[in-house]
Engineer: 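One structure coming up, written as structure tokens, with questions to follow.
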Amino acid sequence: MEFSVKSGNPEKQRTACLIIGVSQPRKLSRAGKQIDQLSGGQLSTIIRRGDMDGKLGQTLVLHHVPGCLADRLMLVGLGKDKDMNERNFQKVLDAVYEAQSNIGAMEAYSYLTDTHVKGRDLGWKIRQTVMSMEKNRYHFDRLKSKKEDPPKSLRKLVMNVPSRRDLGAGERAIKQGLAISSGVNLARDLGNLPGNICTPGYLADEATRLQKTFPTIVTDVLEEKDMKKLGMGALLSVAAGSEQPAKLITMEYHGGDSTDKPIVLVGKGVTFDSGGISIKPGQAMDEMKFDMCGAASVFGVLSAVADMQLPINVVGIVPATENLPDGKATKPGDIVTSLSGQTIEILNTDAEGRLILCDALSYAEKFDPDVVIDIATLTGACIVALGRNPSAVLGNHSPLVNDLIGAGRKIDDKVWELPLWDEYQDQLKSNFADMANIGGREAGTITAACFLSRFTKKYKWAHLDIAGTAWISGDNKGATGRPVPLLMQYIFDRIEER
Ligand code: BES
Ligand code: MN
Ligand code: ZN
């Protein structure tokens with residue numbers, strides 16, 4: 001979809017659809033008032049008759065409004081002014097998308113950018129609008145033999161800015177919104193692909209494709225024999241039961257100075273998690289194809305960052321494998337030696353994410369990272385603790401954790417901190433090895449992070465558990481692309497702070 005910004009009077013816009021806000025109770029926005037005047041009070045008459053109260057998300061399409069050059073006018077309810085916040089602005093945008101898909105307009109001109117959203121500037125509103133339209137337009141039908149008819153929808157959206165001075169900021173916001181959306185879409189596509197297509201090898205090929213598209217990305221893939229040589233016993237123990245060879249994928253993006261230490265992102269890439277010998281119950285097991293959504297977010301961020309040619313260095317590391325039962329599979333009680341040299345007693349083969357991450361996190365040291373952020377659908381316990389709204393964040397460096405919390409708020413891809421206190425480390429005690437790979441029933445998300453913390457002592461590190469946020473179950477089952485927006489905002493903030 002095409003987006004642009006423009007500054008001008010609503011009545012002068014030749015467009016298929018002029019989009020204008022109405023807040024509660026029955027209050028026209030500034031642009032609405034302008035049209036109302038020129039139309040001899042037609043809009044206020046309609047509002048007075050009760051056809052548009054301004055209720056959040058309500059829409060009403062009008063034709064032949066005198067005094068304006070637009071083919072149609074879409075009134076959109078904004079709710080009460082005092083309630084207008086990030087979430088409600090999002091709901092307004094969703095309603096606009098829905099209403100637009102029911103009319104014939106191919107392009108529109110929106111004055112919703114004039115809406116006051118507490119604490120958010122024009123650039124934010126423009127960026128959110130772009131991301132919202134792109135999110136709503138997304139569909140995944142590449143594996144259906146008959147493609148669904150695409151819903152009628154906008155091809156072009158012009159967003160109003162108050163003055164010509166704002167055009168530059170508006171255009172930057174559009175670029176950001178489009179780049180983040182393309183990253184989100186890539187992450188959603190990879191997540192939605194089934195386990196028989198999106199294998200570790202497929203992810204490795206995806207990395208090669210990124211390198212071909214963006215000369216600023218250099219990809220490297222370690223095979224199982226390379227990992228064996230390095231001593232990645234933990235990662236390889238998860239791959240032991242699978243016919244698909246595991247891959248350790250790294251993608252280096254160079255946009256900053258060669259002396260700038262990189263942001264390193266490590267994404268869990270379990271392309272299917274059956275639980276292994278500690279096999280999972282059958283219900284909703286198909287959703288374990290989404291167990292590579294952490295990896296998918298790393299691909300999404302790398303491609304968005306390269307697309308925008310951001311002046312920063314980012315490294316993506318993706319340990320990719322399946323977790324399956326087999327005669328060769330790792331068994332409960334087996335003890336393996338990780339790349340760090342620490343030994344691990346595997347008491348449950350379904351706690352496999354931490355096993356592949358710990359070796360990838362040790363491997364990350366070689367990039368001399370500024371910070372390391374890992375992203376993983378790591379624990380069902382995370383959904384019990386926090387539900388499906390925020391991702392969990394835990395880390396060993398509170399400024400980094402706080403930066404992530406702040407970035408998440410800004411872009412509405414929220415994270416909430418859980419305590420990574422030493423007290424919890426005791427739960428990982430093993431009688432036979434340096435540690436066990438599970439910490440018992442209690443505080444499962446925290447003990448998983450405690451496990452990882454033993455491999456991240458040499459750098460600033462944060463862990464994002466996205467078990468509750470990476471995909472949606474039920475009728476609208478599908479990957480969300482989270483936390484690509486959060487990570488992109490974090491990167492923008494980092495660039496800006498310099
Ligand atoms: N991939 C799962 C976590 C998961 C489960 C994410 C359901 C989203 C929805 C992970 O590998 C896993 O199986 N974790 C176990 C850990 C346990 C054995 C300590 C879990 O959460 O049950
Ligand atoms: Mn598992
Ligand atoms: Zn898993």
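Counting starts at 1 for both ligands and their atoms, in listed order.
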Engineer: Of all the N, O or S atoms in D273, which has the shortest distance to the Mn ion (ligand 2)?
Structural biologist: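 The Mn ion (ligand 2) is closest to the D273 atom OD2, counting only N, O or S.
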Engineer: Flag E352 as yes if one of its N/O/S atoms falls below 2.8 Å of the Mn ion (ligand 2), otherwise no.
Structural biologist: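 Checking the Mn ion (ligand 2) against E352, an N, O or S atom does fall under 2.8 Å.
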Engineer: At under 4.0 Å between heavy atoms, is it the side chain or the backbone of L378 that contacts ligand 1, or both, or neither?
Structural biologist: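 For L378, the contact with ligand 1 is made by the backbone alone.
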Engineer: How far does OG1 of T447 sit from CE of M435, to the nearest 0.5 angstrom?
Structural biologist: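 Output value for this atom pair is 13.0 Å.
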Engineer: Measure the distance from atom 5 (C) of ligand 1 to every protein heavy atom, then report the residue, atom name and distance (to 0.1 Å) of the closest one.
Structural biologist: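 The closest one turns out to be M288 CE, 3.7 Å.
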Engineer: Hydrogens and angles aside, do E345 and S430 bring a side-chain donor and acceptor to less than 3.5 Å of each other?
Structural biologist: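 Yes, because at least one side-chain N or O of E345 sits under 3.5 Å from a partner of the opposite role on S430.
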Engineer: When you look at NZ of K147, are more than 12 heavy atoms from neighbouring residues, nucleotides or ligands closer to it than 6.0 Å?
Structural biologist: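 Enclosed.
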Engineer: Find out whether the Lys NZ or Arg CZ of R127 is both under 6.0 angstrom from the six-membered ring centre of F3 and within 45° of the ring's axis.
Structural biologist: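 No.
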Engineer: Nearest to the Zn ion (ligand 3), which N, O or S atom of D291 do we find?
Structural biologist: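 Going by distance to the Zn ion (ligand 3), the closest N, O or S atom in D291 is OD2.
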Engineer: What are the atoms of ligand 1, with element, lying closer than 4.0 Å to any heavy atom of I438?
Structural biologist: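 Atoms satisfying the 4.0 Å criterion: 19 (C).
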Engineer: Taking both backbone and side-chain atoms into account, decide whether V270 has an N/O/S atom under 2.8 Å from the Zn ion (ligand 3).
Structural biologist: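 Checking V270: none of its N, O or S atoms is under 2.8 Å.
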Engineer: Flag yes if more than 12 heavy atoms outside Q309 fall under 6.0 Å of its CD atom; otherwise flag no.
Structural biologist: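 Count not over threshold, so no.
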Engineer: Please report which non-hydrogen protein atom sits nearest to atom 12 (C) of ligand 1, along with the residue it belongs to and the distance in Å to one decimal place.
Structural biologist: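 For this ligand atom, the closest protein heavy atom is D350 O, 3.2 Å.
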Engineer: Is the shortest N/O to N/O distance between G380 and ligand 1 below 3.5 Å?
Structural biologist: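 Yes.
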Engineer: Report yes if some heavy atom in the side chain of Q128 is under 4.5 Å from a heavy atom in the side chain of K125; otherwise report no.
Structural biologist: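 Q128 vs K125: side chains apart.
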Engineer: Can you find an N/O atom of T379 closer than 3.5 Å to an N/O atom of ligand 1?
Structural biologist: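 Between T379 and ligand 1, no N or O pair is found under 3.5 Å apart.
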Engineer: Would you please classify the geometry between the W124 ring and the F89 ring as parallel, tilted or perpendicular, with 30° and 60° separating the classes?
Structural biologist: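 Plane angle between 30° and 60°, so tilted.
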Engineer: Got the closest protein heavy atom to atom 16 (C) of ligand 1, with its distance?
Structural biologist: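 Protein heavy atom with the smallest distance to atom 16 (C) of ligand 1: R354 NH2, 3.9 Å.
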Engineer: Looking at atom 1 (N) of ligand 1, what's its closest protein heavy atom, distance included?
Structural biologist: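 That would be D291 OD1, 2.9 Å.
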Engineer: Would you call R354 and L452 a side-chain contact if the rule is heavy atoms closer than 4.5 Å?
Structural biologist: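 Yes, close enough: below the 4.5 Å cut-off.
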Engineer: If the cut-off is 4.0 Å to any non-hydrogen atom of K280, which atoms of ligand 1 fall inside it?
Structural biologist: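 Result: 12 (C), 13 (O).
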Engineer: Restricting to N, O or S atoms, which atom of E352 is closest to the Zn ion (ligand 3)?
Structural biologist: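 Of the nitrogen, oxygen and sulfur atoms in E352, the Zn ion (ligand 3) lies nearest to OE2.
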Engineer: Does at least one non-hydrogen atom of E287 fall below 4.0 angstrom from an atom of ligand 1?
Structural biologist: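 The answer is no: ligand 1 sits nowhere under 4.0 Å from a heavy atom of E287.
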Engineer: Answer whether the closest heavy-atom distance between the side chains of Y363 and M227 falls below 4.5 Å.
Structural biologist: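 Y363 does not reach M227 side chain to side chain.
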Engineer: Just checking, any donor-acceptor pair under 3.5 angstrom between side chains of E287 and S473?
Structural biologist: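 Judged by distance alone, the side chains do pair up.
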Engineer: For ligand 1, which atoms, with element, lie under 4.0 Å from some heavy atom of E352?
Structural biologist: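 Listed by number with element: 11 (O).
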Engineer: Specify whether the nearest protein heavy atom to atom 22 (O) of ligand 1 is under 4.0 angstrom away.
Structural biologist: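 Flag for atom 22 (O) of ligand 1 set to false, no protein heavy atom closer than 4.0 Å.
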Engineer: Just jot down the ligand 1 atoms closer than 4.0 angstrom to any heavy atom of K268, in number order.
Structural biologist: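 Reading through ligand 1 atom by atom, the close ones are 1 (N), 10 (C), 11 (O).
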Engineer: Yes or no on side chain to side chain donor-acceptor pair (under 3.5 Å) for T219 and T208, after CA distance, side-chain angles and deciding distance?
Structural biologist: CA-CA 6 Å; T219 292; T208 311; 5.8 Å; no
Engineer: Tell me if the CD atom of E497 is crowded by more than 12 foreign heavy atoms within 6.0 Å.
Structural biologist: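 For E497, atom CD is crowded (more than 12 foreign heavy atoms under 6.0 Å).
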Engineer: Any idea which atoms of ligand 1 are less than 4.0 Å away from a heavy-atom of A467?
Structural biologist: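 Those atoms are 6 (C), 8 (C).
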Engineer: Any atoms of ligand 1 less than 4.0 Å from a non-hydrogen atom of N348? List them with their elements.
Structural biologist: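 Taking each heavy atom of N348 in turn, ligand 1 has 18 (C) under 4.0 Å.
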Engineer: In terms of ring plane angle, is the pair H463 and W461 parallel, tilted or perpendicular, where the classes change at 30° and 60°?
Structural biologist: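 Geometry flag for W461 against H463: parallel rings.
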Engineer: How open is the angle at the Zn ion (ligand 3) from atom OD2 of D273 over to atom NZ of K268, rounded to 10 degrees?
Structural biologist: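 For OD2 of D273 and NZ of K268, the angle centred on the Zn ion (ligand 3) reads 180°.
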Engineer: With a cut-off of 2.8 Å, does D350 place any N/O/S atom under that distance from the Zn ion (ligand 3)?
Structural biologist: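 Under 2.8 Å: D350 has no N, O or S contact with the Zn ion (ligand 3).
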Engineer: Testing the 3.5 Å rule here: is there a donor-acceptor pair between the side chains of T330 and T349?
Structural biologist: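 Short answer, no.
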Engineer: Contact between W471 and ligand 1, counting heavy atoms under 4.0 Å?
Structural biologist: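 W471: in contact with ligand 1 (<4.0 Å).
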